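Reviewing the structure listed below.
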Number of protein chains: 2
Amino acid sequence: MAAPSRKPDVFQAIADPTRRQLLSMLGEREMPVTVISCHFPMSRTAVSKHLRILAEAGLVKERKVGRETRYRLEPEPLLELKRWLAYYERYWDNKLLALQRFVEGDETDGTISLITPDEDGTRSAE
Amino acid sequence: MAAPSRKPDVFQAIADPTRRQLLSMLGEREMPVTVISCHFPMSRTAVSKHLRILAEAGLVKERKVGRETRYRLEPEPLLELKRWLAYYERYWDNKLLALQRFVEGDETDGTISLITPDEDGTRSAE
DNA sequence: ATTATATGAAACCAAAAGGTTTCATGTCAA
DNA sequence: TTGACATGAAACCTTTTGGTTTCATATAAT
């Protein structure tokens with residue numbers, strides 16, 4: 001599944017509210033562009049561009065049917081997000097957090113590196 | 001870049017790889033700007049601006065200590081992301097997905113709306 | 001065949017994002 | 001007090017983003 005170019009990653013793709021709305025809309029059923037776009041206060045072309053960004057991030061798939069192109073949700077890339085988020089679960093346990101702060105004491109220089117997720121949350125592909 | 005009048009939401013905040021790296025760095029320990037910025041290939045001022053964006057999204061907190069300002073992770077806003085993501089868990093079950101497609105049959109007009117999360121994943125407050 | 005529909009590509013534009021450099025201010029150290 | 005450090009604010013620049021309008025092409029319908 002290697003796609004190492006500069007395609008927009010999932011973090012970028014879901015940053016835009018319009019695109020999040022598109023995802024929720026396309027989860028239920030496959031839809032053609034014209035139908036999709038009538039739910040948005042912008043031109044069909046603009047929606048089409050958002051769909052392209054989602055497609056490049058792997059979050060939607062297109063399928064040609066006659067003269068229309070239908071899009072549907074492809075949730076798999078969200079797993080990367082889930083994985084990224086999972087790392088931070090440990091901070092939601094306040095007790096652990098408090099303990100950690102206590103153990104750290106008063107240190108200030110900040111040069112150590114404990115376990116971290118991929119530095120920027122971008123795993124090449126697998 | 002500047003902070004627009006509207007606060008950046010968490011989706012926006014984590015869209016940038018530098019900011020994700022900042023989060024993972026600040027999870028382990030509180031750190032002052034100068035120390036943080038020496039890990040990045042950009043100016044201290046640029047890092048400072050990223051920190052501001054994270055702070056406005058509630059993802060980091062500042063604390064003044066003498067002449068330095070220390071930042072640390074504040075994971076709570078990630079819960080919104082987790083909540084958003086949770087909706088899509090249902091699509092990761094391929095069997096459910098297949099069943100759904102079968103039930104939908106051949107319909108094409110796409111005007112129905114089944115349950116969806118907040119349309120754009122932005123809940124005012126909670 | 002002709003016309004209407006569905007869509008993407010292209011050219012263009014304003015605003016936002018990400019970065020830089022310079023300057024002002026507050027705090028620590030001699 | 002004087003000077004060095006830590007930081008944020010301001011002004012500025014370039015690239016990206018999100019949108020528009022127009023045009024070309026493929027399919028469908030009459």
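No experiment lies behind these values; they were computed from the predicted model shown. Lettering follows sequence order; numbering is per chain, from 1.
Between B:Lys82 and B:Glu80, none of the side-chain N atoms (NZ, or NE/NH1/NH2) sits under 4.0 Å from a carboxylate O, so this pair counts as no salt bridge. At a threshold of 4.0 Å, the pair B:Arg90-A:Glu28 counts as salt-bridged, since one of the basic side-chain nitrogens sits closer than that to a carboxylate oxygen.
Between the CZ atom of A:Arg70 and the P atom of C:dT5 there is a distance of 18 Å, given to the nearest Å. Rounding to whole angstrom units, CZ of residue A:Arg63 and C1' of C:dA6 are separated by 16 Å. The CZ atom of B:Arg19 sits 8 Å away from the C1' atom of C:dA17 (whole-angstrom rounding). One atom, CD1 of B:Ile14, and another, P of C:dG18, lie 13 Å apart when rounded to the nearest Å. Following rounding to the nearest Å, B:Met42 (CE) and D:dT15 (P) show an atom-to-atom distance of 17 Å. Put simply, CG on B:Leu22 is 10 Å from P on C:dG19, counting in whole angstrom units. Rounded to a whole Å, the CZ atom of B:Arg52 is 18 Å from the P atom of C:dA16. The distance from atom CG of B:Leu51 to atom C1' of D:dT7 is 11 Å, rounded to the nearest whole Å.
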Could you encode protein contacts along nucleotides 21-30 of chain C as a string, one character per nucleotide from 5' to 3', using B for base contact, S for sugar-phosphate-only contact and - for no contact, with a heavy-atom cut-off of under 4.0 Å? B-----BB--
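With sequence neighbours excluded, no residue forms a side-chain hydrogen bond (donor to acceptor under 3.5 Å, both in side chains) with A:Glu62.
Distances shown here put every side-chain N or O of B:Tyr71 at or beyond 4.0 Å from the OP1 or OP2 atom of D:dA6. In terms of phosphate contacts, A:His50 brings no side-chain nitrogen or oxygen within less than 4.0 Å of OP1 or OP2 of D:dT17. For B:Ser48 and D:dG8, the shortest distance from a side-chain N or O to OP1 or OP2 is below 4.0 Å. Taking side-chain N and O atoms only, A:Gln12 has a distance below 4.0 Å to OP1 or OP2 of D:dT17.
Taking the six-membered ring where tryptophan is involved, the planes of B:Tyr88 and B:Trp84 are tilted, since the angle between them lies from 30° to 60°.
A cation-pi arrangement is present between B:Arg20 and A:Phe11 under the rule of less than 6.0 angstrom and at most 45 degrees off the ring axis.
With rounding to the nearest 0.5 angstrom, the CG atom of A:Leu78 is 7.0 Å from the CD1 atom of A:Ile14.
Applying the 3.5 Å distance criterion, the base of D:dG8 shares no donor-acceptor pair with the side chain of B:Lys49.
Side-chain proximity of B:Thr34 to C:dT7, D:dT7, C:dG19: nearest is D:dT7.
Among the atoms of the strands shown, none is found under 4.0 Å from any heavy atom of A:Phe40.
For A:Val47 and B:Glu62, each mapped to the nucleotide of DNA chain D holding its nearest heavy atom, the one lying further toward the 5' end belongs to B:Glu62.
Panel note: side chain B:Arg70, backbone B:Glu30; no donor-acceptor pair is recorded below 3.5 Å.
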